[in-house]
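Worksheet for the structure shown next.
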Amino acid sequence: MKEEEKEKALLVGVNIDYKENFLRLMDELENLVYACDLYVVGREIQNLPEVNKPLYLGKGKAEEIAQKVKALDIDVVVFNNELSPTQLRNLQSILDCAILDRTSLILEIFSKRAKTKEAKLQVEVAKLEYMLPRLVGLHSSLGRQGGGAGVFNKGSGEKKLELDRRRIEDKLTELKSELEELSKDRETQRKQREESEIPLVALVGYTNAGKSSIMNYMIDRFVHDENKKVIEEDMLFATLETSVRKIEIENNRKFLLSDTVGFISELPHDLVKAFRSTLEEIKNADLLIEVVDYSDPHWDEHINVTKETLEKIGASDIPIVYAYNKSELVLDKLPLVDGDEIYLSVKENRGMNELLDLITDKLFSNYKRCKMRIPFSNGSLVSYLNEHANVMNTEYDEQGTILTVECKEAQYNKYREYVVEDLD
Ligand SMILES: Nc1nc2c(ncn2[C@@H]2O[C@H](COP(=O)(O)OP(=O)(O)OP(=O)(O)O)[C@@H](O)[C@H]2O)c(=O)[nH]1
Ligand SMILES: [Mg+2]
């Protein structure tokens with residue numbers, strides 16, 4: 001979309017007690033606004049010792065902004081925090097234009113990007129949950145496609161409140177049960193995966209860090225199927241769904257790799273709740289690859305946010321490998337490996353072998369390596385092991401198939417009778 005065609009947005013933030021990371025959050029808000037296809041015309045910042053409860057801002061400041069909205073013909077005012085229902089209502093009557101807060105902005109982006117049925121449902125649930133307590137302030141309509149929150153409608157302030165709480169609640173119940181059905185399918189898939197005993201590795205991290213780029217690198221190198229590739233793009237929240245791919249590297253070693261939604265500071269609670277089943281994939285991983293955009297001066301903040309989000313979804317006990325990506329922009333010497341941390345660049349294909357070494361080391365170091373001789377009469381075990389363990393070599397003698405295999409301890413114990421040589 002051309003800039004002049006975009007709706008015009010004014011950013012507003014209250015800096016309480018001169019918070020250190022305030023400007024960073026405002027910059028991030030600006031990126032979110034761009035990701036929402038709006039055009040930023042300016043920023044208004046007020047320093048306050050605390051938020052003015054009924055109005056978020058001071059009254060004078062709010063009126064000043066209202067004049068600016070008129071003078072500059074601004075379509076939407078975007079607030080840096082989540083507004084309470086009262087604040088939203090009061091601001092609406094003073095500003096008389098569309099209002100978004102950080103939460104509804106993120107919801108709006110998610111709703112534009114959602115492609116799969118599940119993602120669409122999840123976003124819609126989160127939007128309705130957000131709307132419910134704010135009905136009076138929003139003057140919204142459910143009639144728009146996808147049940148949009150309607151906060152975008154210019155002049156929506158004059159619109160009559162068309163929706164009652166009851167209708168939203170009914171709709172929520174309906175959507176949630178649809179989601180429940182979908183998440184059952186996902187659960188079945190997950191069980192099958194678990195039974196397959198192939199380890200699951202999940203890419204996690206802040207939005208735009210390069211998770212999908214790493215996923216695509218692995219697909220290019222090991223899957224050789226363009227159709228299996230995922231979207232990677234220079235914008236916040238390019239990925240909204242979970243994709244899982246089976247990656248088979250040398251020695252017949254294999255693992256499942258999942259790529260999913262990125263995190264951001266103050267990710268709306270309702271959204272995290274609604275995306276529970278999408279994020280579930282992370283919870284079940286054997287290993288996390290946390291991708292960090294090391295060229296971003298605030299990379300350490302991003303690590304904190306990721307840590308908090310992982311805690312929220314119950315995934316904080318899983319071992320992590322840190323992949324400091326985009327390092328070519330800030331470091332001369334690449335790659336650099338330091339324990340479980342690696343500085344690399346997917347874009348320049350530097351450090352990817354080292355990353356794979358780290359992953360395989362983490363995944364398979366406690367596997368048992370041995371040679372098994374399996375009688376020809378038990379051909380099904382040979383295929384089982386090929387599917388569910390890492391068969392590194394296959395030979396035959398007159399008594400049966402001899403597999404050089406790397407497998408879980410449980411598998412080793414179960415098929416011990418066939419072991420002819422331990423290799424560890
Ligand atoms: N300079 C540089 N850019 C990179 C590198 N890796 C990825 N990128 C770029 O970073 C942007 C984001 O990459 P993605 O892979 O889509 O990031 P993501 O973590 O999946 O992002 P979300 O899905 O939005 O959470 C893209 O424009 C990539 O081309 C790298 O090593 N160096
Ligand atoms: Mg992505």
Side-chain angles (χ1 to χ4, degrees), residues 28-37 105-116 118-119 122-123 201-221 228-245 257-268 271-272 275 278-279 281-282 285 288-299 301-303 305-306 308-310 313 320-337 341-356:
E28 190 173 87
L29 186 73
E30 183 161 334
N31 283 331
L32 285 169
V33 170
Y34 282 120
C36 201
D37 264 343
L105 180 66
I106 294 177
L107 291 177
E108 210 49 59
I109 298 171
F110 269 60
S111 131
K112 276 178 198 254
R113 300 280 160 74
K115 273 177 229 78
T116 60
E118 189 175 28
Q122 285 168 327
V123 178
V201 180
L203 291 158
V204 297
Y206 216 70
T207 175
N208 211 40
K211 300 178 289 301
S212 299
S213 304
I214 293 189
M215 179 75 150
N216 282 339
Y217 171 89
M218 299 289 185
I219 293 171
D220 262 341
R221 181 159 162 192
K228 296 270 183 204
K229 287 176 82 167
V230 297
I231 296 174
E232 53 175 86
E233 215 173 314
D234 190 13
M235 66 175 166
L236 304 184
F237 300 117
T239 307
L240 282 195
E241 39 267 319
T242 301
S243 313
V244 183
R245 302 286 182 264
L257 186 64
S258 86
D259 175 35
T260 189
V261 185
F263 305 152
I264 196 161
S265 48
E266 294 167 51
L267 196 64
L271 201 63
V272 175
F275 273 72
T278 299
L279 296 170
E281 223 68 51
I282 298 176
L288 303 180
I289 303 175
E290 179 167 342
V291 186
V292 181
D293 177 352
Y294 193 57
S295 73
D296 189 308
H298 305 294
W299 59 270
E301 268 289 316
H302 294 177
I303 290 184
V305 170
T306 303
E308 282 164 20
T309 316
L310 289 174
I313 60 176
I320 302 181
V321 166
Y322 290 88
Y324 291 100
N325 189 30
K326 311 194 189 181
S327 284
E328 91 281 1
L329 298 171
V330 276
L331 296 177
D332 292 331
K333 262 194 161 168
L334 279 186
L336 210 108
V337 184
E341 305 182 352
I342 170 159
Y343 298 79
L344 49 76
S345 166
V346 195
K347 196 174 167 189
E348 297 194 342
N349 190 359
R350 288 157 82 190
M352 298 310 283
N353 285 336
E354 288 77 2
L355 175 65
L356 273 162

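Note that ligands are numbered from 1 as they come in the structure, with each ligand's atoms numbered from 1 the same way. Only this structure's heavy atoms are used, side chains among them; waters, hydrogens and symmetry mates stay out. The shown structure was predicted, so the numbers you read here are calculated from the model rather than taken from an experiment.
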[atom]: the protein heavy-atom neighbour that sits closest, reported with distance to 0.1 Å:
| atom | value |
| --- | --- |
| atom 2 (C) of ligand 1 | Glu328 OE2, 3.2 Å |
| atom 17 (O) of ligand 1 | Gly210 N, 3.1 Å |
| atom 16 (O) of ligand 1 | Glu233 N, 3.0 Å |
| atom 29 (O) of ligand 1 | Glu232 OE2, 4.1 Å |
| atom 23 (O) of ligand 1 | Thr239 OG1, 2.7 Å |

Could you check which of [options] puts a non-hydrogen atom nearest to [atom]?
| atom | options | answer |
| --- | --- | --- |
| atom 30 (C) of ligand 1 | Lys347, Lys211, Arg350 | Lys347 |
| atom 7 (C) of ligand 1 | Ser213, Ala35, Ser345 | Ser213 |
| atom 9 (C) of ligand 1 | Glu241, Lys326, Glu348 | Lys326 |

* Stepwise side-chain contact (heavy atoms from CB on, under 4.5 Å) test for Val201 and Ile289 -> CA-CA 7 Å; Val201 180; Ile289 303 175; 3.6 Å; yes
* When you look at NZ of Lys228, are more than 12 heavy atoms from neighbouring residues, nucleotides or ligands closer to it than 6.0 Å? ->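 Incorrect, the count does not exceed 12.
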* Asked: Crowded around Lys115 NZ? As in, over 12 foreign heavy atoms under 6.0 Å?
  ->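 Atom NZ in Lys115 is packed in, count exceeds 12.
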Under 4.0 Å from a heavy atom of [X]: give me the atoms of ligand 1 that qualify, with their elements.
| X | result |
| --- | --- |
| Phe237 | 24 (O) |
| Thr207 | 22 (P), 24 (O), 25 (O) |
| Ala238 | 22 (P), 23 (O), 24 (O) |
| Ser212 | 15 (O), 18 (P), 20 (O) |
| Gly262 | 25 (O) |

* Side-chain donor-acceptor contact under 3.5 Å, Ser212 with Asp259 ->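 Asp259 and Ser212 do have a side-chain donor-acceptor pair below 3.5 Å.
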* Classify the side-chain pair Ser265/Glu28 by whether it contains a donor and acceptor separated by less than 3.5 Å. =>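 Result is yes, a qualifying pair exists.
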* Considering distance alone, does some N or O of Leu236 sit under 3.5 Å from an N or O of ligand 1? ->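 No: no nitrogen or oxygen of Leu236 is under 3.5 Å from one in ligand 1.
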* Going by the side-chain hydrogen bond (donor to acceptor under 3.5 Å, both in side chains) test, name the single residue among Thr239, Asn31, Asp234 that passes it with Asn208. =>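 Exactly one pass, corresponding to Asp234.
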Side-chain touch [X]/[Y], heavy atoms, less than 4.5 angstrom:
| X | Y | value |
| --- | --- | --- |
| Val321 | Glu290 | no |
| Leu310 | Ile320 | yes |
| Phe263 | Leu279 | yes |
| Asn216 | Val230 | yes |

* Asked: Is it the side chain (CB and beyond), the backbone, both or neither of Leu329 that lies under 4.0 Å from ligand 1, heavy atoms counted?
  ->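 The side chain, only.
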* Side chain, backbone, both or neither: which part of Asn325 comes within less than 4.0 Å of ligand 1 when only heavy atoms are counted? ->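 Answer for Asn325: side chain.
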* Once you round to the nearest 0.5 Å, how far does OH of Tyr206 lie from NZ of Lys211? ->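 Reported value, rounded in 0.5 Å steps: 10.5 Å.
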* Between CE of Met235 and CG of Leu32, what distance do you get to the nearest 0.5 Å? ->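 With rounding to 0.5 Å, CE (Met235) is 12.5 Å from CG (Leu32).
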* Whether Met235 lies under 4.0 Å from ligand 1, heavy atom ->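 The answer is yes, since Met235 has a heavy atom less than 4.0 Å from ligand 1.
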* To do: Determine whether any heavy atom of Asn208 lies closer than 4.0 Å to an atom of ligand 1.
  =>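 A heavy atom of Asn208 does come that close to ligand 1.
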* Which atoms form the tightest heavy-atom contact between Val346 and Ser213, and what is the distance? ->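 Shortest heavy-atom contact: CG1-O, 3.6 Å.
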* **Near the Mg ion (ligand 2) (cut-off under 2.8 Å), count of protein N, O or S atoms** =>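 That number is 2, waters not included.
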* To do: On the 0 to 90° scale, with breaks at 30° and 60°, tag the Tyr324-Tyr294 ring pair as parallel, tilted or perpendicular.
  =>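 Correct class here is perpendicular.
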* Could you tell me whether Asp293 and Lys326 make a salt bridge, using a distance below 4.0 angstrom between a side-chain N and a carboxylate O? =>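 Lys326 and Asp293: salt-bridged.
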